[in-house]
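So the structure is just underneath, and the comments pick up after that.
The structure presented is a predicted model; accordingly, all values stated were derived computationally and were not measured. Hydrogens, waters and symmetry mates are skipped; everything else that's a heavy atom, side chains included, is used.
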Amino acid sequence: MVIRAAGPTDAETVAALNLACWRETYAGLVPEETMAEMTLEERLDHWRGAFAAERTHVLLASDAGAAAGFAAWRAHELALGGRLGRGAEISAIYLLRTAQRRGLGRALMRAMALEMREAGLKWASLTVLGGNLPARRFYEALGGRRFGRETHWRGAPQLAYGWRDLARLCAHQ
Ligand SMILES: CC(C)(COP(=O)(O)OP(=O)(O)OC[C@H]1O[C@@H](n2cnc3c(N)ncnc32)[C@H](O)[C@@H]1OP(=O)(O)O)[C@@H](O)C(=O)NCCC(=O)NCCS
């Protein structure tokens, strides 16, 4: 399994992975109309825009030469400093079902945490659908703690998890 930084020429690969993983993960968790709105065109627009804006860091994971998943983060827009220092928002981590439960998610989280630390950031947070129990167990296994209030994403309740200390996430092998 290989993890590498992705760039603008990977937009189509990341968009296709994003759509496939969303469909595998969210059927039954978000309203059907929302599922129908998830299209390759929309995802491609999103990732082309994200790569062009150069604020999002994307890691691409492959398994035996085939794209298997990706993760993305950026410096948190609200993290202007303060007691905890500047932090990062993990905006995506998705593996195809065939690539799950083999340590690749843990490796992607660690790779992102190392990049964040390199960028001088101190903490990380993300949001996850409340009904996405496998992902919540995964974040909890890696030391993530729930914080804040329930919000909503595409018609479904979502929760926030955070890591106050990136060193802890970096230590997960
Ligand atoms: C969530 C996800 C990124 C985790 O990656 P992964 O490679 O499958 O997980 P790992 O093999 O690295 O697991 C690390 C640890 O997390 C925990 N964990 C992972 N998946 C779990 C599950 N389904 N149930 C319970 N615990 C789980 C375990 O403690 C595991 O350690 P172990 O295998 O030694 O028991 C991946 O499964 C995925 O992409 N899921 C679908 C998309 C998704 O929900 N993304 C998150 C959106 S917010």
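Taken from CD in Gln158 to CG in Leu129, the straight-line distance is 6.5 Å, to the nearest 0.5 Å. Here the straight-line distance linking atom CD of Glu42 with atom CG of Leu40 works out to 10.0 Å at 0.5 Å rounding. With values rounded to the nearest 0.5 angstrom, Met109 atom CE is found 5.5 Å from Leu142 atom CG.
Taking the side chain to side chain donor-acceptor pair (under 3.5 Å) definition, one finds that Glu24 meets it with nothing, sequence neighbours left out. Here Arg168 pairs with nothing under the salt bridge (Lys or Arg N to Asp or Glu O under 4.0 Å) rule; sequence neighbours left out.
Using a 4.5 Å cut-off between side-chain heavy atoms of Ile, Leu, Val, Met, Phe, Trp and Tyr, with links allowed through other members, Met1 and Ile3 fall into the same hydrophobic cluster. Linking ILVMFWY residues whenever their side-chain heavy atoms come closer than 4.5 Å, directly or via other members, leaves Leu169 and Val58 in distinct clusters. Trp22 and Val128 sit in two unconnected hydrophobic clusters of ILVMFWY residues. Membership requires side-chain heavy atoms under 4.5 Å apart, directly or through other members.
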Verdict with supporting geometry, Tyr26 and Cys21, side chain to side chain contact (heavy atoms under 4.5 Å, CB included):
CA-CA 8 Å; Tyr26 295 129; Cys21 293; over 6 Å; no
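Side-chain N/O atoms of Asp165 and Trp123 include no donor and acceptor closer than 3.5 Å. Side-chain polar atoms of Arg146 and Tyr139 form no donor-acceptor pair below 3.5 angstrom. A donor and an acceptor atom, one from each side chain of Trp73 and Glu115, are located under 3.5 Å apart.
Note on Glu12 versus Arg48: salt bridge recorded, some NZ/NE/NH1/NH2 to OD/OE distance being below 4.0 Å.
Taking the six-membered ring for Trp and the full ring otherwise, the centers of Phe70 and Trp47 sit less than 6.0 Å from each other.
Between Trp153 and Val30, the closest side-chain pair of non-hydrogen atoms falls below 4.5 Å. Side-chain contact check for Arg4 versus Leu59: every heavy-atom pair is 4.5 Å or farther apart. Considering only heavy atoms from C-beta on, Arg136 comes within 4.5 Å of Leu159 through its side chain.
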